[in-house]
There are 2 protein chains.
Amino acid sequence: METYLELEPLTTSQCNNKLNAVGDALYVIGGKWKLRIIIALKEGHSRFNELQRTIPGISAKVLSQELKDLELNGFLERRVHADTPVVVEYLPTAYTATLKNVLEALSEWGEMHRQKLREEGNK
Amino acid sequence: METYLELEPLTTSQCNNKLNAVGDALYVIGGKWKLRIIIALKEGHSRFNELQRTIPGISAKVLSQELKDLELNGFLERRVHADTPVVVEYLPTAYTATLKNVLEALSEWGEMHRQKLREEGNK
DNA sequence: CAGTATCCTACCAGATACTG
DNA sequence: CAGTATCTGGTAGGATACTG
């Protein structure tokens, strides 16, 4: 028999820290595009227009802004080769590896939730 | 030596399924308030105004809408006691337990990320 | 208490055009 | 190619007031 979320009892301040941590995480990787971009980078897509083609529905403006955010948060490195024409590469950093557990947990849960919805649809 | 996200090689369609699953998950539990509300419910806060007091910054309108979403997605049960005055309780369902891994992963990652930002701030 | 209704605004993001 | 600039409609959500 488990309690619902089975977090150990916490003091209020410990609990708030946990909550804030979850909030921070969602702030950084939440939203419509962040994780999709991270995964696209990880798959080896590194050029701006390539990323835009890979990620359906994203506009240049939004992609540009999201890439800046991701760079600020240390998820990618923007590397400019000063050739003609100029070539810019976006490369995932080792820091993206730290998202492994988060991505796995979200992916698993998402699939399970999908399955549940499918079953309810069949009722 | 690990690849960055260490997902096993996938076919394109398998990969897209994973991606969609992550997207689904973020759609359902993403956003500013969803997880905070779920955790507040899990802590035993069950009344509307109590929840609003517990969750700093949320308005009645937004709380109302989010509670409806969460009910639709099976995370809570809305129980009305037809007394005078009327008492309404929002209770987490067993389904919230399935978020355990997600919450733990997000919480851990969020704390780690905070620590990293703190260190960078000290440079 | 448990919400709804209304107004209002700021931001989000799509479309399009443009630049070096 | 790798973006930025501008315009613009839609909407999320805050403030406030109100209802049964």
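Any value given below was found using the heavy atoms of this structure, including those in side chains, with hydrogens, waters and symmetry copies removed. Labels below follow one simple rule: chain letters A, B, ... track the order of the sequence lines, proteins then strands, and each chain is numbered from 1.
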Discussion item. So, OP1 or OP2 of D:dA2: does either fall under 4.0 Å of a side-chain N or O from A:Arg47?
Written reply: yes

Fill in: Length of the CG-C1' vector between A:Asp69 and C:dC11, whole Å
14 Å

Worksheet item: Got more than 12 heavy atoms from elsewhere within 6.0 Å of NZ, B:Lys116?
Response: yes

Worksheet entry | 5′-ward residue of the pair A:Pro85/A:Gln65 relative to DNA chain D | A:Pro85

Discussion item. Without decimals, in angstroms, what is the distance between B:Leu63 CG and C:dG3 P?
Written reply: 9 Å

Worksheet item: Are B:Val28 and A:Met112 connected in a single hydrophobic cluster, I mean Ile/Leu/Val/Met/Phe/Trp/Tyr linked by side-chain heavy atoms less than 4.5 Å apart?
Response: yes

Practice prompt. Look only at the side chain of B:Glu71 and the backbone of B:Lys68, and say whether a donor-acceptor pair between them is shorter than 3.5 Å.
Written response: no

Discussion item. Looking at C:dC1, I'd like to know if its phosphate oxygens (OP1 or OP2) sit under 4.0 Å from a side-chain N or O belonging to B:Tyr90.
Written reply: no

Response to the item:
In whole angstroms, the gap separating C1' of C:dA2 from CG of B:Leu51 amounts to 11 Å

Response to the item:
Taken to the nearest 0.5 Å, the spacing of A:Leu51 CG from A:Glu43 CD works out to 10.0 Å

Discussion item. Measure CD1/B:Ile37 against P/D:dG13 and give the value in whole Å, please.
Written reply: 11 Å

Worksheet item: Could you state the interatomic distance from CD1 (A:Ile38) to CZ (A:Phe75), rounded to the nearest 0.5 Å?
Response: 5.0 Å

Discussion item. From CD1 of B:Ile55 over to P of D:dG14, roughly how many Å is that when rounded to an integer?
Written reply: 13 Å

Worksheet item: Does B:Ser64 put a side-chain nitrogen or oxygen below 4.0 Å from OP1 or OP2 of C:dT4?
Response: yes

Tabulated below should be each protein N or O lying under 3.5 Å from an N or O of nucleotides 13-20 of chain C; please produce it.
from: C:dA13; atom 1: N7; to: A:Lys61; atom 2: NZ; distance (Å): 3.1
from: C:dG14; atom 1: O6; to: A:Lys61; atom 2: NZ; distance (Å): 2.2

Practice prompt. Report yes if at least one side-chain N or O of A:Arg53 is closer than 4.0 Å to OP1 or OP2 of D:dA2; otherwise report no.
Written response: no

Worksheet item: Between B:Lys68 (NZ) and C:dG3 (C1'), how many Å, whole number?
Response: 9 Å

Discussion item. Any side-chain to backbone donor/acceptor pair from A:Thr54 onto A:Ala40? Under 3.5 Å, distance only.
Written reply: no

Worksheet item: Are A:Val86 and A:Leu63 connected in the hydrophobic side-chain network, where two residues link if heavy atoms are under 4.5 Å apart?
Response: yes

Fill in: Basic-acidic side-chain contact under 4.0 Å: B:Arg47, B:Glu89
no

Discussion item. For D:dG3 and A:Arg78 - does any side-chain N or O of the residue sit under 4.0 Å from the phosphate oxygens OP1/OP2?
Written reply: yes

Worksheet item: When you measure from the side chain of A:Thr96 to the backbone N and O of A:Pro92, does any donor-acceptor pair fall under 3.5 Å?
Response: no

Item to complete: Can you pull out how bent the helix from C:dC1-D:dG20 to C:dG20-D:dC1 is, comparing the axes over its first five and last five pairs, to 10°?
Response: 40°

